[in-house]
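Have a look at the structure below, then the notes.
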Amino acid sequence: MAAKKAPPAGSENQPVKTAVVALGSFVGHRGHQQLYDFVKQEASAQKGDPFVFISQAVGKDDPIPGDMKLQTWQKLYPGDKDVFSLVADQPDGSRGSLIKKVEHELVKPKPGQLPDYNNIIIMVGSDRAGMEKQAAHLQNRLNKFPGYENVKITLKTTPREAGAGGTGVNFTAM
C-alpha cells in the first residue's frame, strides 16, 4: 500500500514545465485574437507551450459550431494549428468542461507518472476572473496525488480596456 502512495522517482527534482492556456468560446473576434497574442507572449516569456481550448457550446449567445471555430483559428494561424483544440463532449452527451480539459490534456494524472505540465497559467478576460475558484479546486485536487504535489495552476487576467493594451471588445457582454 505504501508503494502505491509513494511519489514517482525523481518527482522532487522534476523541472518546471509550463503551459499557458486560454479557455473560452473563441468565436474569433479581434478581442479573442488579442487574447491568443497574450497567450503566445506569456508562453514565450515563461519558456512554455501555448494552448487554446475552444468550447463547443452553441446557442443564441454563441451561434458558431465548435468545429467551425476550430477551423477558423487554424486558418488564421496555420503555423500554430496544434495549439488549438476543442473541448470534447462527455460520453453522456453533456458539454465538456474547460477545466476538465486542462486536467486531462495538460496534467494527465496517472499513478506512478509525473504530470506533463506542473505549472499551468490560465489566461482569461476580466469577465472570466471568477474561474479562480475552479482553478484552485483543480490544483488542490491534483496536489493530493503522489508526484503531483507541486502542480501549480494560476489564473491571469488579460487587459480588456483599449488604453491598457486591450481592444475593449467583450463578446460575453455583447
Side-chain angles (χ1 to χ4, degrees), residues 16-91 93-108 115-136 138-139 151-174:
V16 174
K17 188 160 183 204
T18 300
V20 179
V21 60
L23 315 167
S25 64
F26 278 87
V27 294
H29 63 66
R30 191 169 173 189
H32 284 148
Q33 291 176 29
Q34 189 172 46
L35 176 56
Y36 178 57
D37 289 340
F38 286 131
V39 167
K40 285 182 16 178
Q41 290 168 11
E42 186 70 18
S44 178
Q46 299 286 335
K47 296 179 177 44
D49 298 320
F51 294 91
V52 173
F53 294 158
I54 302 169
S55 168
Q56 292 196 56
V58 176
K60 69 179 182 99
D61 295 333
D62 190 356
I64 303 169
D67 58 341
M68 188 179 289
K69 290 187 268 189
L70 178 62
Q71 290 171 13
T72 300
W73 282 95
Q74 290 176 335
K75 286 178 185 174
L76 276 171
Y77 299 96
D80 296 341
K81 283 184 177 185
D82 295 340
V83 169
F84 305 97
S85 66
L86 291 174
V87 176
D89 288 340
Q90 301 302 307
S94 63
R95 287 282 170 217
S97 158
L98 294 168
I99 290 290
K100 282 283 188 193
K101 175 88 170 174
V102 168
E103 176 181 356
H104 294 291
E105 293 287 323
L106 302 179
V107 182
K108 300 178 186 171
D116 288 358
Y117 293 92
N118 54 11
N119 182 37
I120 299 168
I121 301 168
I122 300 174
M123 299 194 69
V124 296
S126 58
D127 58 323
R128 300 285 182 207
M131 288 182 66
E132 180 107 10
K133 290 179 184 175
Q134 292 172 302
L138 175 59
Q139 177 177 312
V151 171
K152 180 181 173 194
I153 300 174
T154 55
L155 205 66
K156 183 170 184 177
T157 305
T158 60
R160 172 121 23 224
E161 301 79 26
T167 61
V169 176
N170 181 341
F171 187 73
T172 305
M174 286 189 217

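Listed for the D49 side chain is no donor-acceptor partner under 3.5 Å among the backbone atoms of A19. When atom types are taken as modelled, the side chain of Q139 and the backbone of I153 share a donor-acceptor pair closer than 3.5 angstrom. A donor-acceptor contact shorter than 3.5 Å links the side chain of K101 to the backbone of L86. Formation of a donor-acceptor pair under 3.5 Å by the T72 side chain with backbone atoms of M68 is found in this model. Under a 3.5 Å cut-off, the side chain of K69 and the backbone N or O of S25 do form a donor-acceptor pair.
Rounded to the nearest 0.5 Å, atoms CE (M123) and NZ (K40) are 13.0 Å apart. The distance from the CG atom of D37 to the OG1 atom of T158 is 11.0 Å, given to the nearest 0.5 Å. Annotation: the span from N118 atom CG to K152 atom NZ amounts to 10.5 Å, rounded to 0.5 Å.
The shortest heavy-atom contact between A135 and I99 is N-CD1, 4.3 Å. Taking all atoms of both residues into account, the shortest heavy-atom contact from E42 to I121 is OE2-CD1, 3.9 Å. Minimum heavy-atom separation, V39 to V20: CG1-O, 3.6 Å. Here the shortest heavy-atom pairing between F84 and Q74 reads O-NE2, 4.1 Å.
A ring-centre distance under 6.0 Å is not found for F26 and Y36.
Taking 4.5 Å as the limit, some side-chain heavy atom of H32 sits within range of a side-chain heavy atom of V27. Contact annotation: the side chain of D116 never approaches that of L106 to less than 4.5 Å [non-hydrogen atoms, C-beta and beyond]. Looking only at side-chain heavy atoms (C-beta outward), K156 and T154 stay at 4.5 Å or farther from each other.
Ring-plane geometry between F53 and F51 is classed as tilted, the angle between the planes lying from 30 to 60 degrees on a 0 to 90 degree scale.
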